[in-house]
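In what follows, a single structure is set out as structure tokens and then discussed.
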Amino acid sequence: MKLYASEIRVGMLIEYKNDLWQVLKTQHVKPGKGGAFAQVEMKSVNKNTKLNERFRSSESVEKASLDETKFNYLYDDETDYYFMDPKSYEQINIKKETIGEKGKMLTENLEVSISFYNEKPLTVELPNQVTCTIDTTDVALKGQTVSSSYKPATLDNGVNIQVPPFIESGDKIIVDTRTMEYVKKI
């Protein structure tokens with residue numbers, strides 16, 4: 001699908017110079033002299049390099065078409081996470097470095113959305129909120145105000161987050177997977 005330079009937005013995946021690029025920043029510039037253009041900062045999905053490119057408003061780029069499929073998380077080993085398509089029972093594996101830190105939030109049978117580009121898995125989108133159990137947390141100090149004081153806590157999956165002082169070890173909480181922050185106690 002063709003996009004004009006003024007339609008490029010942050011987070012989009014575009015095909016440019018025989019590679020797949022994720023848009024990191026975009027700025028529309030109207031100089032006093034000459035035509036308007038879009039200044040776009042992109043990161044290569046395959047090579048992990050960055051590129052700053054200037055597109056005239058009349059130019060167009062190709063938006064990458066991604067196939068999104070729902071999968072259930074099964075298990076992991078030293079290098080990969082394994083997922084299963086609930087309809088066809090087909091299993092796929094994705095390298096741990098592709099998913100990154102969010103991989104620790106995966107729990108058995110958690111439904112995730114995986115985006116594919118030319119049959120290759122690119123991104124794994126977790127649900128916005130997941131339920132976790134507090135493994136350890138510090139004791140709240142008396143006299144601290146509830147509104148401004150958070151204390152460190154370690155979840156059962158090893159992730160460290162900040163929680164309010166009334167949260168104790170063993171409590172079940174909801175964590176936002178986009179920001180890795182505490183949402184509420186269950």
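Position 1 is the first residue of the sequence, and the numbers go up from there.
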Original post:
So, Thr177 side chain and Pro127 main chain: donor-acceptor pair closer than 3.5 Å or not?
Top reply: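 A pair under 3.5 Å: yes.
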Original post:
With no hydrogens and no angle check, is any side-chain donor or acceptor of Asn118 less than 3.5 Å from a backbone partner on Lys120?
Top reply: no
**OP:** Hey, could you give me the CG/NZ distance between Asp80 and Lys95, rounded to the nearest 0.5 Å?
**Re:** 4.0 Å
Original post:
Would you say the side chain of Ile167 lies within less than 4.5 Å of the side chain of Ile134, judging by non-hydrogen atoms?
Top reply: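 In contact.
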Subject >> Any donor-acceptor N or O pair under 3.5 Å, side chains Ser44, Asp19 >> reply: yes
Original post:
Distance only, no hydrogens: is a donor on one side chain within 3.5 Å (strictly under) of an acceptor on the other, for Ser60 and Lys2?
Top reply: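 On atom types as modelled, these side chains do not qualify, holding no pair under 3.5 Å.
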Subject >> Pairs where residues 118-138 contributes a residue and the test ring-ring contact (aromatic ring centres under 6.0 Å, His included) is met, not counting sequence neighbours >> reply: none
Are [X] and [Y] joined in one hydrophobic group, where the rule is that I, L, V, M, F, W and Y side chains link up if heavy atoms are under 4.5 Å apart?
| X | Y | answer |
| --- | --- | --- |
| Val45 | Ile114 | no |
| Leu155 | Phe166 | yes |
| Tyr117 | Phe83 | no |

Is the number of heavy atoms from other residues, nucleotides or ligands within 6.0 Å of [atom1] ([X]) greater than 12?
| X | atom1 | result |
| --- | --- | --- |
| Tyr4 | OH | no |
| Lys96 | NZ | yes |
| Glu97 | CD | yes |
| Glu15 | CD | yes |

**OP:** Identify the two heavy atoms, one from His28 and one from Ser57, that lie closest to each other, and give their separation to 0.1 Å.
**Re:** CE1-OG, 3.6 Å
Subject >> All side-chain hydrogen bond (donor to acceptor under 3.5 Å, both in side chains) counterparts of Asn52, not counting sequence neighbours >> reply: none
Original post:
In the hydrophobic cluster built from side-chain contacts under 4.5 Å, what are the other members alongside Ile8?
Top reply: Met1, Leu3, Met12, Ile14, Tyr16, Trp21, Val23, Val40, Met42, Leu51, Phe55, Val61
